[in-house]
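Reviewing the structure listed below.
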Amino acid sequence: MVAGGSKRAISPTRAISPPPIRRKVESSVTKKSVATFFTPLSQKKPEKITWRIVYSLVIGKYSPDSEPPRAKKEMAKVAAFDLDSTLVVTASGNTFPRDSSDWKWFSPNVPTKLKALSASGYHVVIITNQKRISLTQSLSKGRSDSKSLTNFKERAAAVMRQLDIPVSVYAATEDDEHRKPRTGMWREFVEDWDLDVYGVALDESFYVGDAAGRPGDHSTVDRRFAANVGIPFKTPEEFFLDAAPEPAVGEVFDPSTYLADLSTDEPPPPFSRVHPLELILFCGSPAAGKSTFYWTHLQPLGYERVNQDLLKTRQKCLKVARETLAAGSSVVVDNTNADAGTRAEWISLARDMHIPIRCVYFTSPPDLCRHNAAVRAANRTLNPESRARLPGVAFGDFLRRFREPTLDEGFSEIVRVDFRFRGDEEARRLWGQFWV
């Protein structure tokens with residue numbers, strides 16, 4: 001039947017269409033795959049690459065068919081490397097890889113040198129910060145992997161396959177205890193390989209990374225990571241290209257300079273009560289040591305604390321401070337009080353109540369405050385108030401608003417407090433590491 005409704009006769013001797021051609025379907029099943037299918041699980045060879053995720057840490061392990069024998073009763077030697085801009089660079093020239101195939105060796109001799117290290121008994125491990133990997137995205141969308149995680153695993157797997165030696169990769173995806181320069185990835189590696197049984201020969205081990213604090217480097221986290229672990233450090237240019245060592249440039253924050261001497265001589269108290277009733281105003285950056293100073297030196301003297309983190313608004317703080325002073329107790333305002341306008345409200349309150357007001361000015365520089373915040377967030381023993389991790393904007397906002405306090409504002413005295421850490425040996429060990 002055609003569109004116009006007419007009929008056309010079809011010859012009975014004419015075929016409607018040529019007979020179908022029998023096409024041979026090629027099977028994708030090979031003898032090897034059939035044999036593998038029927039091989040008992042106990043006899044199958046394990047996968048060369050295995051992956052697991054421990055909280056925010058992505059861990060990959062490559063085990064070749066034949067691993068070189070390792071001494072079991074000697075201290076282990078570890079050759080540790082960063083990944084990007086150390087073992088590999090992007091083939092495209094981009095700062096970050098476009099996809100999982102966008103990589104090439106930092107130098108043609110990278111595989112040769114790593115294979116020689118493995119053959120001579122070194123444990124080879126890749127320890128890398130990979131904050132671009134999203135693990136939460138996978139969990140929130142019910143996926144096994146996010147695209148960023150898949151790309152990383154494919155790229156790292158290609159690197160490990162080309163090396164074809166026993167090698168592990170540890171990738172930190174969050175700003176937590178695993179992220180370099182912190183040593184969480186190193187501890188996980190040591191435990192995974194049972195290197196804590198006989199120990200690690202730190203003086204014979206080393207770490208190679210590009211973040212060394214040189215001109216043009218994005219940070220010093222690799223150099224600081226090696227210092228925290230206690231192993232020698234080299235840049236990729238030094239290790240693979242035999243370049244001369246390049247020290248870090250500029251002012252490098254060193255927490256050890258703030259560690260107080262553990263002598264038995266007690267230093268003079270940094271604060272003493274002068275007036276029977278007074279208002280004390282703290283001024284200093286977040287994580288400058290203000291709250292610790294209050295609990296150590298002012299709370300024992302009977303001062304009550306007003307804190308905006310707890311009371312939420314300045315007006316509520318002013319109300320509570322007025323009521324406490326009216327009841328006969330001296331008050332400490334434990335806030336940043338960065339600018340003269342904020343401090344003027346407290347000076348006005350003191351004048352209204354006819355009491356003196358002193359300022360305690362915490363001089364801690366920005367690098368020290370960021371260090372304090374990182375240590376506090378990662379160590380419960382050094383965070384008695386369970387303070388949350390501070391965002392970087394908190395420090396930037398303080399610096400933008402900060403004006404150093406002066407007597408002309410109306411203070412009867414300004415007490416300067418220069419930070420010095422005090423604590424037991426374990427606290428000093430933790431605080432004395434690099435954390436940012």
Side-chain angles (χ1 to χ4, degrees), residues 57 75-87 122-131 170-172 175-191 195-196 199-240 243-262 365-379 382 419-421 423 425-436:
L57 190 59
M75 297 185 73
K77 297 183 297 182
V78 177
F81 298 85
D82 186 27
L83 179 61
D84 298 300
S85 299
T86 298
L87 294 182
Y122 275 87
H123 289 264
V124 178
V125 59
I126 300 169
I127 294 178
T128 174
N129 287 347
Q130 295 288 333
K131 204 171 183 180
Y170 292 76
D175 186 13
D176 56 16
E177 69 273 15
H178 293 122
R179 186 170 179 81
K180 293 180 299 182
R182 302 155 205 173
T183 57
M185 286 190 283
W186 175 267
R187 291 195 304 271
E188 195 75 27
F189 159 71
V190 167
E191 292 175 4
L195 303 187
D196 51 342
V200 176
L202 297 178
D203 56 338
E204 296 184 73
S205 303
F206 56 87
Y207 184 74
V208 180
D210 66 297
R214 301 165 297 175
D217 287 351
H218 61 85
S219 72
T220 58
V221 296
D222 289 335
R223 189 185 295 274
R224 292 178 172 186
F225 171 78
N228 283 346
V229 173
I231 56 179
F233 170 78
K234 291 181 180 293
T235 65
E237 290 78 7
E238 290 176 59
F239 189 78
F240 293 114
E246 290 186 69
V249 296
E251 185 177 347
V252 178
F253 170 76
D254 184 356
S256 65
T257 60
Y258 292 92
L259 290 173
D261 183 17
L262 285 179
D367 282 348
L368 170 61
C369 295
R370 291 187 180 94
H371 174 83
N372 276 338
V375 176
R376 184 174 66 189
N379 296 277
L382 299 180
F419 183 90
R420 299 289 288 178
F421 179 82
E425 283 288 358
E426 177 59 15
R428 285 164 56 88
R429 184 190 69 80
L430 290 172
W431 194 91
Q433 295 180 0
F434 293 103
W435 289 86
V436 293

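Values below: all heavy atoms of this structure, side chains included; hydrogens, waters and symmetry mates excluded.
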Hey, what do you get for CZ (Arg224) to CD (Gln433), rounding to the nearest 0.5 Å? 12.5 Å
Of all heavy-atom pairs between Val229 and Thr183, which one has the smallest distance, and what is that distance? CG2-CG2, 3.9 Å
Would a distance-only check, ignoring hydrogens and angles, find a side-chain to backbone donor-acceptor pair under 3.5 Å from Arg376 to His371? no
Euclidean distance, Leu382 CG relative to Glu426 CD, rounded to 0.5 Å: 8.5 Å
Would you mind reporting whether Ile231 and Phe206 have side-chain heavy atoms less than 4.5 Å apart? no
Can Asp217 and Arg223 be counted as an ion pair, charged N to O under 4.0 angstrom? no
If only atom types and distance count, is the side chain of Thr220 paired as donor or acceptor with the main-chain N or O of Gly213 below 3.5 Å? no
My understanding is that only residues two or more places apart in sequence, or in another chain, count here; which of them pass ring-ring contact (aromatic ring centres under 6.0 Å, His included) with Phe225? Tyr207
To check you understand the geometry: which heavy-atom pair defines the closest contact between Arg420 and Thr257, and what is its length? NH1-O, 2.6 Å
State, to 0.1 Å, how close Pro232 and Ala226 come at their nearest heavy-atom pair, and which atoms those are. O-CB, 4.2 Å
As a quick check of understanding, evaluate side-chain contact (heavy atoms from CB on, under 4.5 Å) for Leu195 and Val78, giving each step before the final call. CA-CA 10 Å; Leu195 303 187; Val78 177; 3.9 Å; yes
Leu87 to Phe240 - nearest heavy-atom pair and separation: CD2-CZ, 3.8 Å
What closest approach, in Å, do Lys180 and Asp222 show between heavy atoms, and which atom pair accounts for it? NZ-OD1, 2.7 Å
Look up atom OH in Tyr170 and atom CH2 in Trp186, then write down how far apart they are to the nearest 0.5 Å. 10.5 Å
Any side-chain to backbone donor/acceptor pair from Trp435 onto Leu430? Under 3.5 Å, distance only. yes
Quickly, which of Val436, Val375, Asn228 forms a side-chain contact (heavy atoms from CB on, under 4.5 Å) with Arg182? Name it, please. Val436
Rounded to the nearest 0.5 angstrom, the CD-CE distance for Glu177 and Met185 is 10.5 Å
What distance do Thr128 atom OG1 and Arg179 atom CZ have between them, rounded to the nearest 0.5 Å? 9.0 Å
Residues which pass side chain to side chain donor-acceptor pair (under 3.5 Å) with Asp196, listed by chain and number, not counting sequence neighbours: none
Check the pair Val200 / His123 against side-chain contact (heavy atoms from CB on, under 4.5 Å), numbers first and verdict last. CA-CA 10 Å; Val200 176; His123 289 264; over 6 Å; no
Does atom NZ of Lys77 have more than 12 heavy-atom neighbours, drawn from other residues, nucleotides or ligands, at distances under 6.0 Å? yes
How many angstroms lie between CZ in Phe434 and OG in Ser256, if you round to the nearest 0.5 Å? 7.0 Å
Are Trp431 and Asn372 close enough that a side-chain donor and a side-chain acceptor fall under 3.5 Å? yes
Which atom of Asp210 lies closest to which atom of His218, heavy atoms considered: OD2-NE2, 3.9 Å
